[in-house]
Each structure stands twice: as structure tokens, then as C-alpha cells.
Amino acid sequence: MVLEDSECSVFELDITEDDVETAFGLVHCTMMGVPKGNRPTILTFHDIGLNHKSCFESLFNHKDMHEIMQHFAVCHVDAPGQQEGASTLSTEYTYPSMDQLSETLPMVLQHFSLKSVIGMAVGAGANILTRFALKHPDMVEGLVLINLSAHAEGFLERAAQKITSWTHAIPDTVISHLFGKEEIQNNHELISTFRHLITNNINQSNLQQFVKSYKSRRNLEIERPVQGGNLNARMLQCPALLIVGDNSPVVDAVVDSNSRMNPTTTTFLKMADCGGLPQVDQPGKLIEAFKYFIQGMGYMPSASMTRLARSRTASNSSMERNRNRSGTNTDEQRGRSHTDVSMESTPGAEHGSSGPTHSVELSC
């Protein structure tokens, strides 16, 4: 695969596809590029109704992502039976739970000889990668979690889902999961495109099993650390960037997930004028935020920034301090430095976190 960056220079990516054998079935993986020394690899995981192509292809083909891909290899993971052209899973096969799907990832890392990753995932994939990071913190340097829901579905949600399943085909169920009502009503071209992808590019029997697995998920049971509180609180050990579009159907779920995260290592980004799939709707803005996140971890200190407008002096100084720290970090310090500002589309918006926060306005 050949990509051109914004400077019009051309670089080539080696692409390999493998079906990785795990304890919970075959997992289809696509490796783009070659892992760079001691640097982590970017590992992606898609949402229900999607695979790595329909979920991430537009993002990773975006010209602003090419600079990142010159520094990091990328490993795309498809959940069992969700890749294009997948055969129908055997009737004897029991589809993995969210926890079991997270346990396929150490085997993926072992297969490709990867020491650590920076995870990027959407919806169900975000839930899976969070479980992976909680159980294997030594393998995860950072997480970019889009549309994360830390809760299991409630009784009323399950009842509504059961009734919906009687009257709606699986593509309709997935569409209502991925997109908000405003998008569904007004953006007919986008919805038509994804309905076609969901219907024609994913094995419908396999998809139904993946959807059922996600709907049956357990709570993540992440607990925000409180002084004098539970010393055994379960929390992520790596920096995390939580992202949601302001028109997403899961805004409340992501706000709740953010309220359970460690505020000293978590950044919350609510993207203005953005729907259910920020990586599709506003890829340039998401990539810019991703670059800042990577810089906060001590990588790519000289990355070019063009899209994010920092709205307040407090935000400016805080981000600059992080950028300065990242530029002087040693390899041993990487992963400990993080962006400690909360990025919101609207200054003063509620995001469910305690303690001082700063706002960053997003603009193209």
C-alpha cells in the first residue's frame, strides 16, 4: 500500500493479513507497516456492525494520519467472523464474551512479536480494549476510547432491545447503536452507506452473535480513586483519551465512563458538530487530538498541529507544559506523562469529572 503525506512525499507500507489462532477462535488481523524498535504499535478494535475497514479505513487513509503512520505500525483486529468475506461460524462455536475477546489480544501481540500497544477502539471495541488494559497493564501504553460504555445494559434497555429485535432487522439495530436520531433523520447518504456496509460486508449470522455478546457485557467496574477510599479500586494504569461526538447516542454513557476514570490520567474530548462516529465524521480533528495524546506520552514531539484551536490561556499553558515535558522525556519516562486537560467542544460543559479542568474548543 502506498500513501502520500501532506508534503507529497511517498512512503510504502508493508501490509500482512493473518488469522491468529486463539483460545476463543480465529481472529483476523491486518498489520500495516513494521513495528518500530521499542515503540508501541497502534492496535485498533471496531464496533458492532463494523470491521476494521468500515470502522477505521477513512481515518487511517486521511492525509493527516500519514505522519503518525511513519512513526508507528498499526495492527487492526477484527472480532471473530466479522471480517469481509468471513464464513458463517460453526453452530458448535460459542461466541466469546467481552472478557474472552479481550483475552485474544495477548495472543495477537505474541503472534506479531509486539511488546506493547497504544489502543484505539470504538464502542464494543473500546469496551474490549479497556478490559484488556485492566488485566494486562504492562502491554498497554495508552488508550483512545471512542464511545466507551463502562456499564452493562440495564433491564429496561434489554427489554427495549428484545422488543426491537422482533420488529427490526439486525442492520436497523446496529444503525440505532452507531448513530443518533438526528443523523438518522438528516444524513441519509451516510446512513445509506453504512446500512449497505453492514448488510453486505458482514456475515449476518456472525454479526448477530457479536451483537448478542456486546449486549450481554458485564460492568467494567472501574472506580475513580478517592482520597481515603477503596485502596483496591480498579482503574486503568495508562493514560486514556475518551472521545464522543456531541450528537452521539452514547453521550451520557461516555460522560458516565469518564466520571469513573482517574482524572489525572484521563482526557475527555466531546467533539462539536459531530455524530456517532467521530473517526468518520471529523477525522482531521480526531487525528489532531491523537497527536497531542501521543506527544503527551513522549512520542512525536515535533508533530505538526493545524486544526486544534486552544480556547483559554489556562488550556494553552497546560498543553504547552505537556508538550515541553514530552519533548524531553526519556524512553523510561514514556507512558507516565499525559495530557491532564479535559477537552470540550463548549467551555463549561458538564463532563462528570471532579477537580479542576480546562476546556479546549475544536475548530477546523
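Atom CE of M271 is separated from atom CG of D281 by 7.5 Å, given to the nearest 0.5 angstrom. Interatomic distance, K135 NZ to R234 CZ, rounded to the nearest 0.5 Å: 9.0 Å. For the atom pair CG (L220) and OG (S257), the distance works out to 7.0 Å, reported to the nearest 0.5 Å. In this structure, the separation between CG on N127 and CZ on F45 is 10.5 Å, given to the nearest 0.5 Å.
Test L148, I146, L145 against I243 for side-chain contact (heavy atoms from CB on, under 4.5 Å) and you get one pass: I146. Residue H151 is tested with R260, E221, R217, R218 for a side chain to side chain donor-acceptor pair (under 3.5 Å); the sole match is R260.
Within the structure, salt bridge (charged side-chain N to carboxylate O under 4.0 Å, His left out) pairs that include any residue of residues 25-35 do not occur (at least two apart or interchain).
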Could you list the donor-acceptor pairs under 3.5 angstrom formed between side-chain atoms of residues 101-112 and any protein atom two or more places apart in sequence or on another chain?
from, atom 1, to, atom 2, distance (Å)
S102, OG, D99, O, 2.5
E103, OE1, H136, NE2, 3.4
E103, OE2, H136, NE2, 3.1
T104, OG1, L101, O, 2.6

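Between A73 and G33, the shortest heavy-atom distance links the atoms CB-C, 4.0 Å. Closest approach of C55 and V122 over heavy atoms only: SG-CG2, 3.8 Å.
Between the side chains of Q209 and Y214, no donor-acceptor pair is found at a separation under 3.5 Å.
Within 6.0 Å of CD on Q204 lie more than 12 heavy atoms contributed by other residues, nucleotides or ligands. Within a 6.0 Å radius of CG in D252, no more than 12 heavy atoms belonging to other residues, nucleotides or ligands are found.
Inter-residue side-chain proximity for M120 and F290 is flagged as met; some heavy-atom pair is nearer than 4.5 Å. L129 has its side chain within reach of L43: a pair of non-hydrogen atoms, C-beta onward, lies under 4.5 Å apart. Counting heavy atoms from C-beta outward, Y93 and P80 have side chains that approach closer than 4.5 Å. Proximity of K212 to Y95: side-chain heavy atoms (C-beta onward) are nowhere separated by under 4.5 Å. With a 4.5 Å cut-off on side-chain heavy atoms, D19 and V27 do not count as touching. With contacts defined as side-chain heavy-atom distances shorter than 4.5 Å, the pair L178/D47 qualifies. With contacts defined as side-chain heavy-atom distances shorter than 4.5 Å, the pair L143/L241 does not qualify. With a 4.5 Å cut-off on side-chain heavy atoms, M31 and V74 do not count as touching.
At least one donor-acceptor pair closer than 3.5 Å links the side chain of S176 to the backbone N or O of T173.
By the rule that hydrophobic residues join a cluster once side-chain heavy atoms approach within less than 4.5 Å of another member, I15 and V77 end up as members of one cluster. Hydrophobic clustering of Ile, Leu, Val, Met, Phe, Trp and Tyr side chains at less than 4.5 Å, counting indirect connections, unites F194 with I184.
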For L59 and I287, run side-chain contact (heavy atoms from CB on, under 4.5 Å): C-alpha distance rounded to whole Å, both residues' side-chain angles, the deciding distance at 0.1 Å, then the answer. CA-CA 8 Å; L59 180 72; I287 292 167; 3.6 Å; yes
When you look at V20 and C29, which way does the side-chain contact (heavy atoms from CB on, under 4.5 Å) test go after all the steps? CA-CA 7 Å; V20 179; C29 299; 3.8 Å; yes
For the pair C274 and Q282, evaluate side-chain contact (heavy atoms from CB on, under 4.5 Å) and give the outcome as yes or no after the intermediate values. CA-CA 7 Å; C274 185; Q282 307 244 13; 3.8 Å; yes
For V211 and H177, run side-chain contact (heavy atoms from CB on, under 4.5 Å): C-alpha distance rounded to whole Å, both residues' side-chain angles, the deciding distance at 0.1 Å, then the answer. CA-CA 10 Å; V211 170; H177 164 79; over 6 Å; no
Between F210 and H46, does a ring pair (Phe, Tyr, Trp, His ring centres under 6.0 Å) hold up when you go through it step by step? CA-CA 11 Å; F210 186 29; H46 57 87; 5.7 Å; yes
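In this view, S87 satisfies the side-chain contact (heavy atoms from CB on, under 4.5 Å) rule with no residue, not counting sequence neighbours. Residues satisfying the side-chain contact (heavy atoms from CB on, under 4.5 Å) criterion with H52, sequence neighbours excluded, are T30, H76, D78. Qualifying side-chain contact (heavy atoms from CB on, under 4.5 Å) partners for V251, counting only residues two or more places apart in sequence or in other chains: V244, S248, V255, K270. Residues forming a side-chain contact (heavy atoms from CB on, under 4.5 Å) with N201 (at least two apart in sequence, or on another chain): E84, L197.
The pair E67-K291 counts as a salt bridge, with a side-chain nitrogen and a carboxylate oxygen less than 4.0 angstrom apart.
Cation-pi geometry between R39 and Y299 is not satisfied (NZ or CZ under 6.0 Å from the ring centre, within 45° of the ring normal).
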